[in-house]
Amino acid sequence: MSKENRTFRYLSEFKVGDVFTTAAKTVTETDVVLFAGITWDLNPIHTDQTYAEKLPFKGRIAHGLLGSSIACGLWGKMGLVDGSAIAALSTEWKFVGAIKIGDTIHCEIEVLSCDQSRSKPDRGILNIGYKIINQDGKLCQTGSMATMLKWAE
């Protein structure tokens with residue numbers, strides 16, 4: 001398949017410093033309730049409005065891992081590694097600020113490194129940095145993910 005006929009990139013086509021901005025997603029009540037049910041994380045900061053109102057955020061907030069999961073989904077929705085990704089390898093994440101129900105978040109993603117494997121030159125490691133930003137421009141979470149990708153066609 002020629003480059004003109006595909007939307008994804010091989011690792012050799014990424015460059016350190018490349019920056020991508022994802023689409024935005026509004027975090028809904030349904031998102032939080034479903035995530036609580038799937039994960040069994042029923043902490044009252046996510047599930048009990050009366051309890052959560054007494055805390056510094058003055059109301060329920062989304063699970064931190066829901067935010068990181070949405071970030072991964074927003075990156076995936078871009079399709080840039082659909083067809084070249086082999087396996088996720090590692091993730092590092094920091095929860096900087098709360099994501100509240102009703103917040104609209106997007107990600108700024110930067111290529112931190114893209115290294116071809118010496119032992120298996122048909123592949124390599126893409127390391128990207130994530131910033132989750134809300135509708136007010138506030139940073140909510142940061143992180144990085146290393147993914148094994150095919151090097152080239």
Side-chain angles (χ1 to χ4, degrees), residues 1-43 45-46 57 60-153:
M1 179 184 306
S2 71
K3 185 175 181 179
E4 295 78 33
N5 294 332
R6 63 178 162 83
T7 57
F8 70 88
R9 295 182 181 194
Y10 291 101
L11 183 57
S12 61
E13 297 172 301
F14 286 97
K15 302 293 178 244
V16 172
D18 286 348
V19 176
F20 305 94
T21 300
T22 70
K25 177 185 180 357
T26 300
V27 179
T28 67
E29 167 83 13
T30 301
D31 295 328
V32 173
V33 169
L34 288 173
F35 195 83
I38 290 167
T39 63
W40 286 20
D41 180 348
L42 304 173
N43 188 303
I45 197 166
H46 310 301
F57 300 114
R60 293 169 49 219
I61 60 173
H63 303 72
L65 291 177
L66 174 57
S68 63
S69 296
I70 291 170
C72 291
L74 291 172
W75 166 246
K77 187 176 191 292
M78 294 183 79
L80 292 173
V81 297
D82 291 354
S84 60
I86 298 170
L89 300 176
S90 65
T91 302
E92 181 179 316
W93 219 261
K94 293 182 181 174
F95 306 104
V96 180
I99 298 173
K100 297 180 179 182
I101 296 170
D103 278 357
T104 299
I105 59 174
H106 73 278
C107 296
E108 291 179 4
I109 296 172
E110 181 177 1
V111 174
L112 304 175
S113 64
C114 42
D115 300 311
Q116 187 175 20
S117 172
R118 292 183 195 154
S119 62
K120 296 182 180 179
D122 65 326
R123 64 192 72 180
I125 308 299
L126 174 68
N127 190 21
I128 58 173
Y130 287 83
K131 290 180 183 174
I132 300 177
I133 300 166
N134 73 11
Q135 70 281 351
D136 298 322
K138 292 183 181 173
L139 184 64
C140 300
Q141 298 181 12
T142 63
S144 63
M145 178 178 275
T147 305
M148 183 184 302
L149 266 62
K150 295 175 187 173
W151 179 255
E153 226 172 330

Open item on the list: Can you confirm whether more than 12 heavy atoms, excluding those of K100, are under 6.0 Å from its NZ atom?
Closed with: no
Task: Distance, nearest 0.5 Å, that separates CD1 of I45 from CZ of F57 - done: 6.0 Å
Task: Shortest non-hydrogen contact between N127 and S144, atoms and distance - done: OD1-CB, 3.9 Å
Open item on the list: For R60, is there an ion pair with E29 - N to carboxylate O distance below 4.0 angstrom?
Closed with: yes
Task: Q141 side chain reached by I70 side chain, heavy atoms, under 4.5 Å - done: no
Open item on the list: For a 4.5 angstrom cut-off between non-hydrogen side-chain atoms, does K77 reach T22?
Closed with: no
Open item on the list: For a salt bridge (charged side-chain N to carboxylate O under 4.0 Å, His left out) check, start with the C-alpha distance between D18 and R9, then their side-chain angles and the critical distance, and finish with the verdict.
Closed with: CA-CA 12 Å; D18 286 348; R9 295 182 181 194; 3.7 Å; yes
Open item on the list: Within the structure provided, determine whether L74 and Y130 are in side-chain contact (heavy-atom separation under 4.5 Å).
Closed with: no
TODO: Search all heavy atoms of S12 against all heavy atoms of K15 and return the closest pair with its distance.
DONE: O-NZ, 3.0 Å
Task: Distance, nearest 0.5 Å, that separates CD of Q116 from CD1 of I125 - done: 11.5 Å
Task: Straight-line distance of S68 OG to K94 NZ, nearest 0.5 Å - done: 14.5 Å
TODO: Measure the shortest side-chain to side-chain distance between W151 and L11 over non-hydrogen atoms and say whether it is less than 4.5 angstrom.
DONE: yes
Open item on the list: Which heavy atom of A85 sits nearest to which heavy atom of T147, and what is that distance?
Closed with: CB-CG2, 4.3 Å
- [ ] Examine distances only and state if a side-chain atom of E108 and a backbone atom of I133 form a donor-acceptor pair shorter than 3.5 Å.
- [x] no
Task: D82 to G76 - nearest heavy-atom pair and separation - done: OD2-O, 3.9 Å
- [ ] Drop me the distance from L149's CG to S117's OG, to the nearest 0.5 angstrom.
- [x] 12.5 Å
- [ ] Just do the side chain to side chain contact (heavy atoms under 4.5 Å, CB included) check on L65 and W93 with the steps written out, would you?
- [x] CA-CA 9 Å; L65 291 177; W93 219 261; 6.0 Å; no
TODO: Kindly say whether I61 contributes a backbone atom to a donor-acceptor pair with the side chain of H46 at under 3.5 angstrom?
DONE: yes
Task: Nearest-0.5 Å distance that lies between atom CG in N134 and atom OG1 in T26 - done: 11.0 Å
Task: Test item: K150 and D122 side chains (from C-beta on) under 4.5 Å apart, heavy atoms - done: no
Open item on the list: Check D103 with K138, please: is the shortest side-chain N to carboxylate O separation under 4.0 Å?
Closed with: no
Task: C140 to I99 - nearest heavy-atom pair and separation - done: CB-CG1, 3.7 Å
Task: Atom CD of Q135 with >12 non-hydrogen neighbours under 6.0 angstrom - done: yes
TODO: Drop me the distance from M145's CE to I128's CD1, to the nearest 0.5 angstrom.
DONE: 7.0 Å
Open item on the list: Show the nearest heavy-atom pair for residues I86 and R123, with the distance to one decimal.
Closed with: CD1-CB, 4.0 Å
TODO: Kindly indicate whether the side chain of C107, heavy atoms from C-beta on, has any atom under 4.5 Å from the side chain of F20.
DONE: no
Open item on the list: Are L66 and D31 packed together at the side-chain level, in the sense that at least one heavy-atom pair is separated by less than 4.5 angstrom?
Closed with: yes
Open item on the list: Quick one, V81 and W75 - any side-chain contact, counting heavy atoms below 4.5 Å?
Closed with: yes
